[in-house]
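In what follows, a structure is listed as structure tokens, so that the remarks can point back to it.
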Amino acid sequence: MKKPTSLTIPAALAILAFAFAPAAPAQQAAPAKPPTPPEVWKDYNPDAGDFKEEIISEGTKDGIYSRDSYISAYVNGEEVRVYCKYAVKSDAKNAPGLLVVHGWTSMPAIDKEFLNDGWAVLAHDYCGKVAGRPHYTKYPDKLRYGNMDAKEGYRVKAKLPDKTDITDPKQTDDYLWYALQRRALSYLLAQKEVDKTRVGAKGYSYGGSLMWNLGMDPRVKAVVTYFGSGWTDFYRDKGLFMYKVPYVEPPKTPGEELLLSAIAPEAHAPYITAPTFWLNGSNDHHGGHERGETNFKKFQPSVPFSFAHQARGQHDTWKLGKGAKLWLEKYVLGKDVFWPARPVSEIKLGTDGVPEFHIKPGSAEKIVALDVFYAFKEPFNCDRLWMDAKAEKLGDTWVAKIPVLNVDDYVFSFANIRYPGEIVISSDFTAAIPSKLGKAVATKVFAADGSDSWTDVDVVEVAGAKGLRPNQQQGAACMLFGEAPRKAPEGAVMVFEFHCTEPQTFTLAVNGRYLADIEIKGSNDWQTLEIPAERLRFRADGDPLKSWSDAKSTSLRPKQAPGITSNITWITFKDPKWKVPRNE
């Protein structure tokens, strides 16, 4: 018989202690990842529910049938009455469809160019109640945040009105607007004249921001987005620009993480299926020039894309040709439209140490024009001065000298390439610090008359003296007031000299936010104005500009007012000087 195993008292106590010890705490689960856009939209059916169409007006004139109506959309368990405008040729059958999405607080409008070309066009309102408008989209009280007018609604981005973080992407105003445009698309597809296999969309300004969501909708064959590209929430709003030195990104709140993962336009890029064309102004106020381009680096390889930036453009694309229409004709209508391949570009040092922009375009044999632009160090795209550089063709590559002021500051460059059919595309935004490329030298010298540091000006001679005249009705701007040769001393006033034979009023803006309206009397002689810093007021709260030495950029543009005529020759001015009044 086997002896029983003996246990010492301490060993027995140890076993009992182990038996009655509390269970080890389970390893904490990692926080759930925020949802991606496809996960947000997987359960949303834009076709669900009756439209409950209410026709406000309809009729046929000059062969065009038009209809204004309200339809119902169902979002977050609520019913929204969406105001829509629809137009199509009265005899149309199997017409291609186009959804047009307007900008911030704008009104829906039919694109007559597409309409006259045989497209069925639908535009809907999403900005909600605005004083004076008889028709607008009607949000129920629980979705009041859909109204853009601050008197009627409020914004929900990363935080709720009580300042707590959002916990569901469906709480945001953008989710609501995304849902409405998808419902409007369903309404367009329901029209008897529309070919459901040929439908495209385009959005302008904030409508451009919404396009990145619609580009995921398989019903859309191609989209065109103007200006809006994302990168406003968190990034622009906190001044987190790609080439800011030093670049320090603060931690994101849970609401920001959720917004940027699930709702922000840039979050949609990896999931877009529609060929996408982006038109933008290099100095536009949306998410930025270079950041917007990064969206396309996340596209699936099979999805076509292209983009074009109007150099020195703000909310302007009028120099960018007819590419938007051709893009939709190519990818929606299936037309055999030539579209150039993407160019390849980089910044190098020349043998003399001067930075150069090198670009190898696609379809080089078809190029009509190639223009190169460059700018210095400014991380905020709205404040950049883009200067022209002359490009020389060397084999299959174009090379342009881009001389710099400081070899340790960033230099930026890109090119616009014009092809037959008025197609314009831009090369990638390219950046480099010359001193990191090798033995770089600084050779940039600005003209004494300021002609190469103001945008959109011509050098003219008036009354025997040279001056600068804006060559566009929008006015002129200088983005280099923070540079050493231009920086104002403390206490200085700006001295401007003008020549204008007719009375005029213009708006002077500093850093895009401090404004003053300046009146000029008509005269055959040059006039001098001394403008103290405090005359300029912040557009939001009226606080004065503290010092001209704080100025990084300034612009002047005609002021549209009753009795004032503005045209492209509205004023001629000399490059401003600084004056420091003496204390008597």
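Side chains included, hydrogens not; waters and symmetry mates left out as well; all remaining heavy atoms used. Along the sequence shown, the residues carry numbers beginning at 1.
- Taking 4.5 Å as the limit, some side-chain heavy atom of Glu266 sits within range of a side-chain heavy atom of Tyr235.
- A side-chain donor-acceptor contact under 3.5 Å links Asn295 and Trp231.
- A cation-pi arrangement is absent between Lys487 and Phe481 under the rule of less than 6.0 angstrom and at most 45 degrees off the ring axis.
- A donor-acceptor contact closer than 3.5 angstrom is absent between the side chains of Ser345 and Asp428.
- For Asp111 and Lys202, the salt-bridge test passes: some basic side-chain N is under 4.0 Å from an acidic carboxylate O.
- By the 4.0 Å N-to-carboxylate-O rule, Lys552 lies close enough to Glu378 to be salt-bridged with it.
- Residues Trp386 and Phe414 are in side-chain contact: their nearest non-hydrogen atoms beyond the backbone lie under 4.5 Å apart.
- For the residue pair Asp575 and Trp454, a side-chain donor N or O sits within less than 3.5 Å of a side-chain acceptor on the partner.
- Between Cys478 and Thr455, every side-chain heavy-atom pair lies at or beyond the 4.5 Å cut-off.
- Cation-pi geometry between Lys325 and Phe114 is met: the NZ or CZ atom falls under 6.0 Å from the ring centre, inside 45° of the normal.
- No side-chain N or O of Tyr187 forms a donor-acceptor pair with one of His124 less than 3.5 Å apart.
- A salt bridge does not link Glu483 with Lys444: none of the charged nitrogens is closer than 4.0 Å to a carboxylate oxygen.
- Rounding to the nearest 0.5 Å places CZ of Phe227 at 10.0 Å from CD of Gln314.
- Looking at Asn416, its side chain does come within 3.5 Å of a backbone N or O of His309 through a donor-acceptor pair.
- For the pair Glu293 (side chain) and Glu290 (backbone), a donor-acceptor distance under 3.5 Å is absent.
- Checked for salt-bridge contact, Asp217 and Arg219 meet the test: a charged N lies under 4.0 Å from a carboxylate O.
- Side-chain N/O atoms of Thr317 and Gln310 include no donor and acceptor closer than 3.5 Å.
- For the ring pair (Phe, Tyr, Trp, His ring centres under 6.0 Å) criterion with His102, the lone passing option out of Tyr126, Tyr83, Tyr226 is Tyr126.
- Ionic pairing of Asp237 and Lys157 is not present here: no N-O contact between side-chain nitrogen and carboxylate oxygen is shorter than 4.0 angstrom.
- Of the possible donor and acceptor atoms, none in the side chain of Arg236 sits under 3.5 Å from a partner among the backbone N and O of Phe241.
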Evaluate the side-chain hydrogen bond (donor to acceptor under 3.5 Å, both in side chains) criterion for residues Asp174 and Thr172: first the C-alpha distance (whole Å), next the side-chain angles of each, then the deciding distance (0.1 Å), finally the verdict.
CA-CA 5 Å; Asp174 288 295; Thr172 64; 5.3 Å; no
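- Taking 4.5 Å as the limit, every side-chain heavy atom of Arg537 sits out of range of all side-chain heavy atoms of Arg513.
- Arg486 forms no cation-pi arrangement with Trp578, by the criterion of a distance under 6.0 Å to the ring centre and an angle within 45° of the ring axis.
- Figure legend: cation-pi geometry between Arg342 and Phe307, with NZ or CZ positioned under 6.0 Å from the six-membered ring centre and within 45° of its axis.
- Formation of a donor-acceptor pair under 3.5 Å by the Gln171 side chain with backbone atoms of Thr167 is found in this model.
- Residues Tyr136 and Cys127 are not in side-chain contact: their nearest non-hydrogen atoms beyond the backbone lie 4.5 Å or more apart.
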